[in-house]
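Down below is the structure, laid out as structure tokens.
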Amino acid sequence: MAKLKRTTITNMTTVSEVEARQACNIDFLKYNADNKSEDTYQWVQLPNEITLKVFSYLDTIELLRMATVCTSWRDLIHTTPSLWRNIHLELSCNWKSQKNKRTFLCAQQFGIHFRKLSVSCSHDHQTAICKFMAIDFRKLLLSLHQMSLTSIKITDLQLQGALLSTVKSITEILTRILSRSDRLQCFKMSSAQFTFEEGIKVLDTVFSVSRGNVETLYIDRIFREPLDGYLSKEQDKLTNGILSLTRLTKLGIDYLHLTDGFLTALSRSHAGQLKRLTIVAQHLLYDFNNYQVKLATNSWLTLTESCPELKMAFVIDGFTLARIGSVMKILDQVMPIYKIKMMLELDYYDDLISSRFKNVLNEITANFRNSLVKLEIEHSRRTGQIDAAFLDLVRNCQRLTYIKATAYFSDPETERIALGLVQARRRQQEMSRFQEMPNKRAKLTPADGPGSDPA
């Protein structure tokens, strides 16, 4: 069997960013006091404005590295707050990793300058529940308690294995930071796995302090249990808080937190305003014969009509293929879905599973061929004869220009054919956009061209 490796078609890195990174990959150690070349002198003597422009393309670790090159660069990096406005930090639960130490050092030295903070958590452990990430995340927050943020993004925190006392401490520090960030425009906390009591404290702070500023809110998987286990007033607390955000344009939320009433209210309160909606279905274990989970078609129609620019992404997380057929039942063909991401768990394989997966691909093709732009499939075990259904999806979804897949195919040519189709479609779209651009050079008069004399 041939394996389709991870296939990703993304935008190319800008030339200026590539040149800046190449310039900063020079081995500065070879230029010591006994070996000062003319090129070295010219590079070190660059105006601060140009040097700072180069530094602006570097990430956190690279900036710390550049600060060790010479005293002039160190002083420039340490005294330029703008270099630390937009920062991405990484945490690992592996106690042997040096990554966290560098992260804490950066936060302690420059945290006061942070305005847009992104923290990604990587779990290197083999068990399903992480018990160590919460400890280091708490240390990071203690280093940042003085800052005022306009954007905070925290992904894959996974607090379900942490001690309750640690979670309570994280909640207390985080709410203190959020209460100080009265100009918060973006709040993203995906896969945090708070208890409801602690998670709602964090969200209440966002809703009360920044309701007039928040434009982006992603809270998918912020709770470790679905809200249906709580009273309706607890669910209303969440939905009313979301509805109170007057400038909201992007929302990410769990499917089980949606109701027909919430969609109707959202279509009224944010008519013409909502642009992106990301829905996550995680471990949706309901029996459709006994519990009606599917939202009404009229609710989706009302939302899409009131928000004509709305685009939806649907994420299927943690399902086995044996149950994925039930997930497709909650997708309505009137939903303007531009992205589908399937993260599947394959515990076993048989012909029935293969047939269900093919049916899922066929349903996606039939329902979203006119809107689907991105498709991601993540699983590691073989799924049988899905080649034809997969290629049929790629061929018929004419707007599909992004594929990221890990799958097994019967024919090794399936990968090559799918990739070729997507690349050709992407080139064609880029050519069409280029041809539609106005020809500015044609509008120039001879006096406007290079080398012409001024009038």
Subject >> Results of ring pair (Phe, Tyr, Trp, His ring centres under 6.0 Å) for W300 - residues two or more places apart only >> reply: none
**OP:** Would you name the heavy atoms of K116 and T150 that are closest together and state the gap between them?
**Re:** CG-OG1, 3.6 Å
Subject >> NZ/K275: more than 12 non-hydrogen atoms of other groups inside 6.0 Å >> reply: yes
**OP:** Determine yes or no for a side-chain-to-main-chain donor-acceptor pair under 3.5 angstrom, with T80 supplying the side chain and I77 the backbone.
**Re:** no
Original post:
Is there a side-chain contact between L375 and Y402 (heavy atoms, below 4.5 Å)?
Top reply: no
**OP:** Look at the side chain of S299 and the backbone N and O of L295, then say whether any donor-acceptor pair between them is shorter than 3.5 Å.
**Re:** no
Original post:
Which pairs with one or both residues in residues 256-267 pass salt bridge (charged side-chain N to carboxylate O under 4.0 Å, His left out), sequence neighbours excluded?
Top reply: none
Subject >> Between T239 and H257, a side-chain donor and acceptor under 3.5 Å >> reply: no
Original post:
Is a side-chain donor or acceptor of T259 paired with a backbone partner of F262 at a separation under 3.5 angstrom?
Top reply: yes
Original post:
Are any of the side-chain heavy atoms of L140 and V119 separated by less than 4.5 Å?
Top reply: yes
Original post:
Hey, is the main chain of S165 close enough, under 3.5 Å, to the side chain of S169 for a donor-acceptor pair?
Top reply: no
Subject >> Nearest atoms (heavy-atom pairs only) where F368 meets C397 >> reply: O-SG, 4.4 Å
Original post:
Would you find a donor on one side and an acceptor on the other, under 3.5 Å apart, between the side chain of R276 and the backbone of K250?
Top reply: no
Original post:
Does any N or O in the side chain of Q273 come within less than 3.5 Å of the main-chain N or O of L248, such that one atom is a donor and the other an acceptor?
Top reply: yes
Original post:
Can you tell me if CG on L105 sees more than 12 non-hydrogen neighbours from other groups inside 6.0 Å?
Top reply: yes
**OP:** For E309, enumerate each residue passing the salt bridge (Lys or Arg N to Asp or Glu O under 4.0 Å) test, keeping only those at least two apart in sequence or located in another chain.
**Re:** none
Original post:
Does the pair K53 and E49 meet the rule for a salt bridge (Lys or Arg N to Asp or Glu O under 4.0 Å), with working shown?
Top reply: CA-CA 6 Å; K53 182 65 175 178; E49 293 80 5; over 6 Å; no
**OP:** Decide yes or no for L89 and C106: does some side-chain heavy atom of the first lie under 4.5 Å from some side-chain heavy atom of the second?
**Re:** yes
**OP:** Run through V280, V202, L238 and flag the one making a side chain to side chain contact (heavy atoms under 4.5 Å, CB included) with I219.
**Re:** L238
**OP:** Could you tell me whether the side chain of R211 and the main chain of F207 form a donor-acceptor pair under 3.5 Å?
**Re:** yes
Subject >> Residue pair H270 / L243: nearest heavy atoms and the distance that separates them >> reply: CE1-O, 3.6 Å
**OP:** Output yes when a side-chain donor or acceptor of D332 lies under 3.5 Å from a complementary backbone atom of M335, and no otherwise.
**Re:** no
**OP:** For residues I200 and F223, report the shortest heavy-atom separation together with the two atoms involved.
**Re:** N-CE2, 3.7 Å
Subject >> Residues which pass side-chain hydrogen bond (donor to acceptor under 3.5 Å, both in side chains) with S190, listed by chain and number, not counting sequence neighbours >> reply: D220, R221
Subject >> Given S191, C121, C130, the one that forms side chain to side chain contact (heavy atoms under 4.5 Å, CB included) with L157 >> reply: C121
Original post:
Hey, does I152 have a side-chain heavy atom less than 4.5 Å from the side chain of L178?
Top reply: yes
Original post:
Does the side chain of D136 come within less than 4.5 Å of T103's, by heavy atoms?
Top reply: no
Original post:
Partners of F110 by ring pair (Phe, Tyr, Trp, His ring centres under 6.0 Å), sequence neighbours excluded?
Top reply: H78, W84
Subject >> Donor-acceptor contact below 3.5 Å, side chain T60 vs main chain H88 >> reply: yes
Original post:
Are more than 12 heavy atoms from other residues, nucleotides or ligands located less than 6.0 Å from atom CZ of R115?
Top reply: yes
**OP:** Evaluate the side-chain contact (heavy atoms from CB on, under 4.5 Å) criterion for residues L331 and I364: first the C-alpha distance (whole Å), next the side-chain angles of each, then the deciding distance (0.1 Å), finally the verdict.
**Re:** CA-CA 9 Å; L331 290 178; I364 292 174; 5.6 Å; no
Original post:
In this structure, are over 12 heavy atoms from other groups packed under 6.0 Å from Q428 atom CD?
Top reply: no
**OP:** Using the test side-chain hydrogen bond (donor to acceptor under 3.5 Å, both in side chains), find all partners of N48 that sit at least two apart in sequence or belong to another chain.
**Re:** none
Subject >> Residues in salt bridge (Lys or Arg N to Asp or Glu O under 4.0 Å) contact with E198, at least two apart in sequence or another chain >> reply: K168, K201
**OP:** Taking side-chain hydrogen bond (donor to acceptor under 3.5 Å, both in side chains) as the test, write out the residues that go with T278, two or more places apart.
**Re:** none
Original post:
Does the side chain of I279 come within less than 4.5 Å of L258's, by heavy atoms?
Top reply: yes
**OP:** Report yes or no: does R425 contribute a side-chain atom to a donor-acceptor pair with the main-chain N or O of L400 at less than 3.5 Å?
**Re:** yes
Original post:
Under the side-chain hydrogen bond (donor to acceptor under 3.5 Å, both in side chains) test, which residues partner S267, sequence neighbours left out?
Top reply: none
Original post:
Between E430 and R426, is there a side-chain N and carboxylate O pair less than 4.0 Å apart?
Top reply: yes
**OP:** Return the minimal non-hydrogen interatomic distance between C93 and M133, and the atom names on each side.
**Re:** N-CE, 3.6 Å
Original post:
Any idea which heavy atoms bring V209 and S181 closest together, and the distance?
Top reply: CG1-O, 4.1 Å
**OP:** Under the salt bridge (Lys or Arg N to Asp or Glu O under 4.0 Å) rule, collect the residues that match up with R247, sequence neighbours excluded.
**Re:** E215
**OP:** Under the side chain to side chain contact (heavy atoms under 4.5 Å, CB included) rule, collect the residues that match up with A134, sequence neighbours excluded.
**Re:** L159, A162, T166, I170
Contacts under 3.5 angstrom, residues 182-189 side chains, donor-acceptor by atom type, not counting sequence neighbours:
none

